[in-house]
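Below: one structure, written as structure tokens.
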Amino acid sequence: MTGVTLRPDLPDDAKAERVDFDDTPDEAAYRERVRTVLAERAGDLLHVAPGDPVDARSREAELRATQRVLAEEGLVGVTWPREYGGQGGTLVQQAIVAQELSRARVPTLINHIGIGMCGPTVIAHGSDDQRSRYLARLLRADDVWCQLFSEPASGSDLAALRTSAVRDGEDWVVNGQKVWTTLAHVSDHGILLTRTDPERPKHAGLTMFVVDMHAPGVTVRPLRQMSGGADFNEVFFDDVRIPDSERLGEPGEGWRVALTTLMNERVAIGGAGSDIGQSAEALAAHARERLPGLDPERQVLARQAVGRALVAALAARYTGYRRFTTLSQGGLPGPEASAGKLGGTTAARLVADAGVRLLGDDAVLGATGDGDDTWQKAQAYVPGIAIAGGTDQVLRNILGERVLGLPSEPRTDKTAPFSSSSSGARR
């Protein structure tokens, strides 16, 4: 998968126990086809320099056009079933596409939330009418999608959400607020998790809908991040009417539907050999350039920081390759998605912090506009990724309880009506 050849001096039984870093013949052929397509269509694609952030609003047309070209070439929705416009491919093929897009300096697809989370949820729980209306347009970025889950009072405890949906004839009337919604400011549709029965326990009274982001009563306000970007948003719903035909799953089954979304989100963010944030190679090159200019005391501290970061980054990467090997051999993904996401964000934080430390006194230049602020932006970007797709604390709980078998914390709010809980009482 990386072009690294396994050690030929190892006996066959030892090789079998090790991660396979090489493409199979079929995977190598697929990778070559992807590279050929990207080379042939290079003039039709948006390209960016490594570490260069792309503003979705100012470059929306270019990003949509890029995804449309890639969809025409079969490089979008690789793992989706063919009957829904996908390629019926494997997770390994999807990862190969992601690697080659990164290699060609094509930015993250504008509809990555739709492809990775929203689309699979519609496929699993939507009606035939919803699938026919939405999926093909989603793949081509004719429509961009967002995921409306988190709220100001229910981030890590998603099931404590308070956005309400009340049945009114053939419609549902929605009121509430969502926050940290990626790409809502350029989205046409979203999947929206609401509370439809506050008298049931908090996990049982939820319902999921497809919402038109241009509908009357929907207000999107971008949130300026400390990195300078504004890809996150807060979204307000004031008497927004959603037809019952846009419901995903049965009323009260929203948590089960949301688990489909969350599972796909963890796999999408969890990493499979790709880096979150700046790469280990970028940090190593940065260190070679900057270390000689630091005073001896700072050099010692910087070398220690770089060493810790490189070890963490490579460990996260090779954990992803281990997952690659399992999938390539026909296995099913296990807890590596949660572990990969946790390890990847931890490594990304260490890499970014080490990169800034290497700048020494020059670290202030980017903030004043007098220097390259790549590493400062990387440092400011990582905290948001550590929240998206499950906070580090939530992922540790998942791994502790579901993988290590540790006892869960005592909870009384799982069985009581939501309206009687402290969260419900604030409605």
Side-chain angles (χ1 to χ4, degrees), residues 56 63 67 76-77 79-80 108-126 130-131 134-135 137-139 141 143-163 165 174 176-195 206-215 218-223 225 229-237 240 242 246-249 253-270 337-338 341 384-391 394-395:
L63 288 166
Q67 183 171 323
V76 177
T79 61
W80 285 26
T108 301
L109 299 184
I110 190 172
N111 219 5
H112 65 276
I113 301 293
I115 297 165
M117 283 81 91
C118 303
T121 304
V122 173
I123 288 173
H125 301 283
Q130 287 171 321
R131 296 182 188 120
Y134 291 134
L135 295 179
R137 292 181 59 83
L138 187 157
L139 288 173
D143 297 326
V144 174
W145 286 60
C146 62
Q147 173 184 322
L148 298 143
F149 278 20
S150 295
E151 298 185 4
S154 60
S156 297
D157 187 9
L158 176 60
L161 64 85
R162 293 185 285 162
T163 294
V174 178
Q177 178 187 358
K178 299 292 182 177
V179 74
W180 310 125
T181 307
T182 304
L183 296 176
H185 59 309
V186 295
S187 290
D188 304 291
H189 299 287
I191 53 174
L192 171 66
L193 190 59
T194 68
R195 184 164 304 282
L206 306 176
T207 304
M208 183 91 83
F209 298 93
V210 174
V211 61
D212 179 354
M213 294 299 291
H214 305 299
V218 178
T219 303
V220 179
R221 297 177 182 169
L223 295 169
Q225 300 151 235
D231 286 337
F232 295 147
N233 305 267
E234 54 184 347
V235 184
F236 299 88
F237 298 91
V240 177
I242 301 177
E246 296 295 6
R247 179 169 33 85
L248 293 171
E253 292 189 356
W255 186 251
R256 182 175 68 88
V257 179
L259 288 178
T260 299
T261 311
L262 294 172
M263 178 189 68
N264 282 282
E265 183 177 33
R266 300 269 162 79
V267 171
I269 301 178
S338 292
K341 199 271 181 176
I385 298 301
I387 294 172
T391 66
V394 166
L395 293 177

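The shortest side-chain heavy-atom distance between V235 and M213 falls under the 4.5 Å cut-off. Using a 4.5 Å heavy-atom threshold, the side chains of F149 and L161 count as separate. Annotation: side chain of L192 is in contact with side chain of I242 (closest heavy-atom distance under 4.5 Å). Using a 4.5 Å cut-off on side-chain heavy atoms (C-beta onward), E246 and D212 make no contact. Considering only heavy atoms from C-beta on, R221 comes within 4.5 Å of F236 through its side chain. Counting only heavy atoms from C-beta outward, the side chains of V174 and V211 never approach each other to under 4.5 Å.
The NE2 atom of H214 lies 4.0 Å from the CG atom of D188; values are rounded to the nearest 0.5 Å. L135 CG to D143 CG: the interatomic distance, rounded to the nearest 0.5 Å, is 10.5 Å. Rounding to the nearest 0.5 angstrom, the gap separating the OG1 atom in T260 from the NE2 atom in H125 is 3.0 Å. Going from atom CG of L183 over to atom CD1 of I113 covers 6.0 Å, rounded to the nearest 0.5 Å. Between atom OG1 of residue T181 and atom CG of residue L148 there is a gap of 4.5 Å, rounded to the nearest 0.5 Å. Atoms OG1 and NE2, on T182 and H112 in that order, are 6.0 Å from each other to the nearest 0.5 Å.
Considering all non-hydrogen atoms of both residues, A141 and N111 come closest at CA-ND2, 4.2 Å. In terms of heavy atoms, E151 sits closest to R162 at OE1-N, 2.8 Å. Across all non-hydrogen atoms, the minimal contact from I115 to L138 is N-CD2, 3.8 Å. L206 and A159 get closest at one heavy-atom pair: CD1-CA, 4.3 Å. Closest of all the heavy-atom pairs between S187 and C146 is OG-CB, 3.4 Å. Residues M208 and L193 share a closest heavy-atom pair of SD-N, 3.9 Å.
Looking only at distances, no side-chain donor or acceptor of T163 sits under 3.5 Å from a matching main-chain atom of T194. A side-chain donor-acceptor contact under 3.5 Å links Q67 to the backbone of L139.
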From CA spacing to verdict: side-chain contact (heavy atoms from CB on, under 4.5 Å), F209, L248: CA-CA 5 Å; F209 298 93; L248 293 171; over 6 Å; no
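A tilted orientation is assigned to the rings of H189 and W145, their planes being inclined by 30° to 60°.
The local environment of CH2 in W180 is sparse, with at most 12 non-hydrogen atoms from other residues, nucleotides or ligands closer than 6.0 Å.
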